[in-house]
Amino acid sequence: MKKELPKTYDPASFEDRIYSEWSEKGLFAPSDDMTKGHYSIVIPPPNITGQLHMGHALDNTLQDILIRHKRMKGVSTLWLPGTDHASIATEAKIVEAMKKEGLTKDDVGRDGFLERAWDWREKYGGRIIQQLKKMGSSCDWQRERFTLDEGCSEAVLEVFTRLYEKGLIYRGERIINWCPHCLTSISDAEVEYEEQPGHFWHLRYPFEDGSGYVELATTRPETLLGDTAVAVNPNDERYKDLVGKTLILPLVGRKIPVVADDYVDIEFGTGVVKITPAHDPNDFEVGRRHDLPLVNVMTPDAKITDDYPAYAGMDRYEARKAIVRDLEAGGFLVSVEDHVHNVGTCYRCGTTVEPRASLQWFVKMAPLAAPAIEAVRSGDIKFVPERFSKNYFHWMENIRDWCISRQLWWGHRIPAYYCDKCGKTVVSKTAPDCCPDCGEPMRQDPDTLDTWFSSALWPFSTMGWPKDTEDLKRFFPTNTLVTGYDIITFWVSRMIFSSLEYTGRIPFDTVLIHGLVRDAQGRKMSKSLGNGIDPLEIIDKYGADALRFALATGNSPGNDMRFSDEKIEAARNFANKLWNAARFVMMNLDIDRIELPDESKLAPEDKWILTKLSAAAAAAENNLENYEIGIALSAIYDFIWDEYCDWYIELSKKSVSGEDKERSKDAQNVLAYVLRETLKLLHPFMPFITEEIYSGLPGEVGYIMVKDYPVAENIPSFPAEAEDMERVIAAIGAIRQRRAEMGVKPSRRTSLFIATKYPHAFEGTEEFFKRLAGASSLEIVDDHSESGSVRIVTDSATVFIPMTDLVDPEEEKARLRSELEKVNAEIARVESKLANKGFTEKAPAAVVDAERVKLAKFTEKKDGIAAALAALGE
RNA sequence: GUGGGUGUAGCUCAGUUGGUUAGAGCGCUUGCUUGACAUGCAAGAGGUCGUUGGUUCAAAUCCAUUCAUCCACACCA
């Protein structure tokens, strides 16, 4: 049964069809056979607002390779998919959409807003899932989860109430990062700092008693309205007498004290700092130590409050101008100097964050961080590459309490209930009917939780926790977490401490970190630059397999990579190469099923390719186990292109199209067998093309996706015969090289005489030399030096070609002399190495032997060259 | 300020625990309608592995120094 492949590789014609088939046959679900163990990965849940970008494409390609490899090894394999509700990002989208209708959140109310949000999720939340499927991702979609679904929400409630009871979640008035655009608090991790030019305004604050001024500097004069003290260092001799005195706050007239605090750096500026506890994190701490009042001067959208009528309603920057103007008018402004400083911005919208004292919920981090640090230090959890554990330690060791409340509606609502009458707080999974103390109705906290609070539970909430489910028993802890280095702090660290605290177990044993996909110039892909490459467009143009290949090849853990047209074209060319090789093989197959012939029926070239295949399988396996995905893939690539296509297919043509029908069938079987096993090796990386070709192989049933991954030891290997074949290949290469150098026309045939210590290697190879080395005949001889032949010397043979008439003898001599020089240099190098006692005594025997073999080969080559020179009368 | 990455062919990058004559893709040169593939085939040019020093029989690989470049975290008014 011959199946012919279409002439050109056209991925669009089969990728979607194959994906549907896998899906319909239920191949994505884990097998129930646990005898070979289990392996699981939870997907980093993409935001429902998201569109597939190159980062997702890379992340999911790597995961799918790992998953498909394990699945083919017979391991019960689960890749659990899902999406993240992305509180801020989604809420911002909804608000934006409503704005176009002229509506605000308050217009539609909380319920109306949530209705819109769920509609939006219904409409767009599945979009990225469809895109992941286009990539070939073999997730078990039956188990798809959503951070805001019932189960995940149950896990969030469970965690929140447990932590509260343990005292690890508390509510308090603290200074937090506030985004005046998103109108919510954000965590420290969600602030990005960027350098901005600004100014130092040097001001003077008068003493109450009229005894003069104290001079200080600020970058944010508008916060002056909220100053409740001025601080100096207690050890600062200059200001010893000032401590305890009272100042009059300019423009406001408030009396504020001078306090002494270690926080103040004597060396910096004037050594005097204005203290605004409600609007600066450091000042907040100073304020707590000195019991200073918190004076909040701004509204949530960063405008001055009505408490300061002169500035009320101005935004921060307008107020800054007005205040500087008034300070100058009042004689309080001493000088202004330029100053570049780092400004915190919201990671979602880029707005400058406003530190703001407010009542929020926090997770107490110190007790949670300690075991999480230990889990990595002890090696229970391993980062690949290892260096990222340093980033992790650094973050975890300096961690501050995590602000988890958000002034948003889209998310998990905080399960805290307040009694307005008696002030009682109840934290409970279900709403209490009334206040347990006074019987009044209770009011639920309006805020929701940081979106990362639910993502932190993802490895176990998705498997049914807190219930003790079958999936948890089988697949938790998970094995590998694949993600970019940019979200170690946001997500990886939080999953680790969450899992240890709630389940008592690590969430995964290995964290595989990859870098960023950059554009061809090495720039970060971003919306504002407009340099993003759309993976879906790439898939349309080149196919998902080519995209996957381009992302996986040459990618090493933790390093950024560039994506370019050249790379994707090279990937597509490889797919095309494989396609055509398969097409050739299938055109020539006349067998009903693939059966590897007995050893006795294998030709030398068959043994050679099988040996190479075995080596490629070993390389693929070892590197995949070590997460060296790029290296594994390049081993397979090299095998397919350089060994199977460039050599074996060419060598096999002799037998396949030969007269001997038996031999032809044997060769066909080897061709097909090697192709089949190669497809299996490649399948995790390029699932579609391998499945498509596989389906056309004679006698094969089922899907390659669930066949056994090739094991090197199970592939027959013949090192000695393979070496003989290498001698033939080397001779063919040397002849080609010489013919090219001498400008011999490809059509010109020559007779060949080969003198060799390995005659058996060259027996029966005439046809190879005819097909691949322009030979008209081949004769194995003892010597051929008497004639005026051109000699081509390899380390195991000398080839004589009687075509002196095509060569200028002087040129030939010169060429031989330079070759002789080269080989002499090599001999000298190796000899000196071997003469070195330190080397022969200390280096491993195998290494020394290898050098001796090398020396013998070089010497043989040298003798051959010398003989050639002699024959030319030298 | 603290920590980390990177520096290998014209370009983009591999090089796994030190051990063949340092590799690939693209680009370049030359030649090919070699009945799978021009998205191809064959041959070739091109590298003192950033600098300097050290460890070692042996260094692109380990250590130190220095230069360049990128990133993360922190941040002083």
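Chain A is the first sequence line, chain B the second, and so forth, proteins listed ahead of strands; every chain is numbered from 1.
A/F858 comes within contact range of at least one nucleobase, with a heavy-atom separation under 4.0 Å. Residue contacts for A/W641: at a heavy-atom cut-off of 4.0 Å it reaches the sugar-phosphate backbone alone, with no base atom in range. Residue contacts for A/N559: at a heavy-atom cut-off of 4.0 Å it reaches the sugar-phosphate backbone alone, with no base atom in range. Nucleic acid contact class of A/S556 (heavy atoms, under 4.0 Å, all strands): sugar-phosphate only. Within 4.0 Å (heavy atoms only), A/I488 reaches no atom of the nucleic acid at all. Contacts of A/E267 with the nucleic acid, taken as non-hydrogen atoms under 4.0 Å apart, are absent. At a threshold of 4.0 angstrom between heavy atoms, the contacts of A/T219 are confined to the sugar-phosphate backbone, with no base atom among them. If you check every strand for non-hydrogen atoms under 4.0 Å, A/R771 touches nothing. As judged by a 4.0 angstrom heavy-atom cut-off over every strand, A/K857 is placed among residues making no nucleic acid contact. Using a 4.0 Å heavy-atom criterion, one finds that A/K577 contacts the bases of the nucleic acid, with or without backbone contacts as well. A/A570 comes within 4.0 angstrom of sugar-phosphate atoms only, judged by non-hydrogen atoms across all strands, and of no base. Among the protein residues, A/K390 comes within range of the sugar-phosphate backbone only, with heavy atoms under 4.0 Å from sugar or phosphate atoms but none that close to a base. Nucleic acid contact class of A/S634 (heavy atoms, under 4.0 Å, all strands): none. No contact: A/N622 has no heavy atom under 4.0 Å from any strand.
With both ends at atom P, the span from B/rG53 to B/rC13 equals 30 Å, rounded to whole Å. Taking atom P in both B/rU61 and B/rG19, the straight-line distance is 10 Å, to the nearest Å. Between the C1' atoms of B/rA60 and B/rG7, the separation comes to 11 Å (whole Å). B/rA9 sits 33 Å from B/rG3 when the C1' atoms are compared, rounded to a whole Å. Nucleotides B/rG31 and B/rA45, compared at atom C1', are 15 Å apart to the nearest Å. Separating the C1' atom of B/rU21 from that of B/rG25 is a span of 22 Å, rounded to the nearest Å. Between B/rA59 and B/rG50, the two C1' atoms lie 16 Å apart (nearest whole Å). Rounded to whole Å, the separation between the C1' atoms of B/rA58 and B/rC75 comes to 47 Å.
Salt bridge A/K833/A/E826: absent, no basic N to carboxylate O contact under 4.0 Å. Residues A/K382 and A/E386 are not paired through a salt bridge, judged by the lack of any N-O separation under 4.0 Å between the basic side chain and the carboxylate.
For the side chain to side chain contact (heavy atoms under 4.5 Å, CB included) with A/I513, the lone residue among A/V384, A/N391, A/T483 that qualifies is A/T483.
Counting only N and O atoms by type, the side chains of A/N622 and A/N626 include no donor and acceptor under 3.5 Å apart. For the residue pair A/Y542 and A/N573, no side-chain donor N or O sits within less than 3.5 Å of a side-chain acceptor on the partner.
Each salt bridge (charged side-chain N to carboxylate O under 4.0 Å, His left out) pair with one or both residues in residues 632-649 of chain A, not counting sequence neighbours, appears once here: A/K612-A/E643. Evaluation of the ring pair (Phe, Tyr, Trp, His ring centres under 6.0 Å) test over residues 565-586 of chain A, restricted to residues two or more places apart or in two chains, returns A/Y9-A/W579, A/F14-A/W579, A/F549-A/F574, A/F574-A/Y637.
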Q: Please test A/E194 against A/Q196 for side-chain contact (heavy atoms from CB on, under 4.5 Å), starting from the C-alpha separation and ending with a verdict.
A: CA-CA 6 Å; A/E194 60 180 57; A/Q196 285 179 8; 3.2 Å; yes
Q) So A/F284 and A/H279, side-chain contact (heavy atoms from CB on, under 4.5 Å) or not? Walk me through it. A) CA-CA 7 Å; A/F284 181 83; A/H279 292 284; over 6 Å; no
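Residues meeting the side-chain hydrogen bond (donor to acceptor under 3.5 Å, both in side chains) test with A/R494, sequence neighbours left out: none.
Nearer the 5' end of RNA chain B, as judged by each residue's closest nucleotide, is the contact made by A/E851, out of A/Y263 and A/E851. For the pair A/D795 and A/A520, nearest-nucleotide mapping onto RNA chain B gives the more 5' position to A/A520.
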Less than 3.5 Å apart, which donor and acceptor atoms pair up between the side chains of residues 217-226 of chain A and the rest of the protein, not counting sequence neighbours?
{"residue": "A/T218", "atom": "OG1", "partner": "A/R220", "partner atom": "N", "Å": "3.0"}
{"residue": "A/R220", "atom": "NE", "partner": "A/E222", "partner atom": "OE2", "Å": "3.2"}
{"residue": "A/R220", "atom": "NH1", "partner": "A/E354", "partner atom": "OE2", "Å": "3.0"}
{"residue": "A/R220", "atom": "NH2", "partner": "A/E222", "partner atom": "OE2", "Å": "3.1"}
{"residue": "A/R220", "atom": "NH2", "partner": "A/E354", "partner atom": "OE1", "Å": "2.9"}
{"residue": "A/R220", "atom": "NH2", "partner": "A/E354", "partner atom": "OE2", "Å": "3.1"}
{"residue": "A/E222", "atom": "OE1", "partner": "A/R320", "partner atom": "NE", "Å": "2.9"}
{"residue": "A/E222", "atom": "OE2", "partner": "A/R320", "partner atom": "NH2", "Å": "3.0"}
{"residue": "A/T223", "atom": "OG1", "partner": "A/R220", "partner atom": "O", "Å": "2.8"}
{"residue": "A/T223", "atom": "OG1", "partner": "A/K274", "partner atom": "NZ", "Å": "2.7"}

Q: Whenever both distances are under 3.5 Å in a Watson-Crick or G-U wobble pair, mark it; put RNA chain B into dot-bracket that way, with [ ] for crossing pairs and | when the partner is on another strand.
A: (((((((..((((.....[...)))).(((((.......))))).....(.(((..]....))).))))))))....
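Of all nucleotides in RNA chain B having an atom under 4.0 Å from a heavy atom of chain A, the first and last in 5' to 3' order are B/rG4 to B/rA77.
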